[in-house]
Amino acid sequence: RVTIPEGWPLWDIIPALATGLSLPADAFESAVRDTAVMRRVGAPRSVETLEGYLFPDTYDFPDGVTARQAVDVMVRRFEQVWKPEWNDRLAELKMTRHQIVTLASIVEKEVRKGEERPVVAAVYTHRLKARMMLQADPTVQYALQKRPGRVLYSHLKVDSPYNTYRRFGL
């Protein structure tokens, strides 16, 4: 049994799976880079891992499960939870599923209470439509690979493709 909490980044998921299933972490590093699975979920070619598609849940894996099988179970759970009507909403927002998954992960890290999600998502969506910088602290935390905490002005200067204080878009 392995529990993957909501909002965990890949650098937390892989060790949890490796420890919980007594498998080498590098097997999971390889499994989350499976290009066939990335194509199946519609991830853009520029995406390197299945981060965002490993559905947070408690999984009871059978003995002898491989890293690829475990990752596939988690991705299939994501696919089961994804509602077909959300595809219509993607068209309305003029966003891809990958962009929505990315935006949702940023919103999730930004809010403290669930009821704040729609407001924060609307702010970010409006910034994206207006071609403004997103300026989302969780992207800086991700770039620094730090746990949520206080983002300092000096952190905003980190040179990373994930830093939305320095780069446009998601």
Side-chain angles (χ1 to χ4, degrees), residues 2-14 16-17 28-61 65-143 148 160-170:
V2 179
T3 298
I4 305 299
E6 218 171 282
W8 266 20
L10 199 54
W11 65 75
D12 285 333
I13 294 172
I14 288 175
L17 289 169
F28 288 99
E29 291 283 352
S30 176
V32 299
R33 286 171 167 58
D34 187 324
T35 55
V37 179
M38 285 193 276
R39 277 194 306 273
R40 188 178 86 213
V41 297
R45 290 187 188 273
S46 60
V47 172
E48 296 178 2
T49 71
L50 288 161
E51 186 167 27
Y53 299 96
L54 304 174
F55 195 80
D57 207 342
T58 297
Y59 295 92
D60 288 315
F61 294 107
V65 69
T66 67
R68 285 194 187 276
Q69 290 168 333
V71 165
D72 192 59
V73 165
M74 295 174 73
V75 172
R76 288 191 188 280
R77 180 74 180 117
F78 171 89
E79 292 171 318
Q80 288 172 345
V81 171
W82 184 268
K83 297 177 183 172
E85 59 267 21
W86 294 348
N87 293 323
D88 296 333
R89 185 73 175 125
L90 292 177
E92 289 172 26
L93 293 170
K94 296 182 176 137
M95 296 178 82
T96 66
R97 177 160 71 170
H98 187 75
Q99 289 170 322
I100 289 294
V101 167
T102 301
L103 181 59
S105 69
I106 295 168
V107 169
E108 188 63 33
K109 290 288 189 186
E110 187 73 61
V111 301
R112 292 187 188 268
K113 298 177 183 174
E115 60 267 15
E116 297 171 340
R117 285 186 192 109
V119 174
V120 172
V123 168
Y124 288 150
T125 301
H126 289 302
R127 286 181 187 173
L128 290 168
K129 284 181 184 176
R131 309 230 357 105
M132 294 172 59
M133 293 242 180
L134 203 59
Q135 297 183 328
D137 287 1
T139 66
V140 175
Q141 293 165 334
Y142 186 85
S160 167
Y162 303 109
N163 183 353
T164 59
Y165 280 86
R166 296 189 65 170
R167 303 261 196 297
F168 282 97
L170 296 167

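Just so it is clear, the values below take in all heavy atoms, side chains as well, and ignore hydrogens, waters and symmetry mates.
Between the CD1 atom in I106 and the OH atom in Y124 there is a gap of 7.0 Å [rounded to 0.5 Å]. Taking OG1 of T102 as the reference point, atom CZ of R97 lies at 12.0 Å (rounded to 0.5 Å). If you take CZ on F55 and CH2 on W82, they are separated by 11.5 Å, rounding to the nearest 0.5 Å. In this structure, the separation between OH on Y165 and OG1 on T139 is 7.0 Å, given to the nearest 0.5 Å. Taken to the nearest 0.5 Å, the CZ atom of R77 stands 14.0 Å off from the CD1 atom of I4. Atoms CD1 and OG1, from I14 and T49 in turn, are 7.5 Å apart once rounded to the nearest 0.5 Å.
Under the salt bridge (charged side-chain N to carboxylate O under 4.0 Å, His left out) criterion, D60 pairs with R1, not counting sequence neighbours. When the side-chain contact (heavy atoms from CB on, under 4.5 Å) test is applied to R45, no partner is found at least two apart in sequence or on another chain. For Y162, the ring-ring contact (aromatic ring centres under 6.0 Å, His included) test picks out Y142, with sequence neighbours left out. In terms of the salt bridge (charged side-chain N to carboxylate O under 4.0 Å, His left out) criterion, residue partners of E29 (sequence neighbours excluded) are, by chain and number, R33. Every residue two or more places apart in sequence or in another chain that forms a side-chain contact (heavy atoms from CB on, under 4.5 Å) with P44 is listed here: S46, V47, H98. In this view, K83 and E85, W86 satisfy the side-chain contact (heavy atoms from CB on, under 4.5 Å) rule, not counting sequence neighbours.
In terms of heavy-atom proximity, K109 sits nearest to G7 at NZ-O, 2.7 Å. Between A70 and F28, the closest heavy-atom pair is CB-CE2, 4.1 Å.
Residue R40 is tested with T35, D72, D34 for a side chain to side chain donor-acceptor pair (under 3.5 Å); the sole match is D72.
With a 6.0 Å radius and a threshold of 12 heavy atoms from other residues, nucleotides or ligands, E48 has its CD atom at or below the threshold. Atom CD of E6 sits in a sparse spot, with 12 or fewer heavy atoms from other residues, nucleotides or ligands closer than 6.0 Å.
With contacts defined as side-chain heavy-atom distances shorter than 4.5 Å, the pair L17/M74 qualifies. Using a 4.5 Å heavy-atom cutoff, the side chains of E51 and V32 are not in contact. V75 has its side chain within reach of L54: a pair of non-hydrogen atoms, C-beta onward, lies under 4.5 Å apart. No side-chain heavy atom of T164 sits less than 4.5 Å from a side-chain heavy atom of M133. Between V71 and L50 the shortest side-chain heavy-atom distance falls below 4.5 Å. When side chains are defined from C-beta on, V119 does not count as touching V111, because their heavy atoms never get closer than 4.5 Å. Counting heavy atoms from C-beta outward, L170 and M95 have side chains that approach closer than 4.5 Å.
If you check the side chains of R166 and S160, you find no donor sitting under 3.5 Å from an acceptor.
Listed for the R127 side chain is a donor-acceptor partner under 3.5 Å among the backbone atoms of L134.
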Note to self: The test is salt bridge (charged side-chain N to carboxylate O under 4.0 Å, His left out); show your working for R117 and E110 and say whether it passes.
What the structure shows: CA-CA 8 Å; R117 285 186 192 109; E110 187 73 61; over 6 Å; no
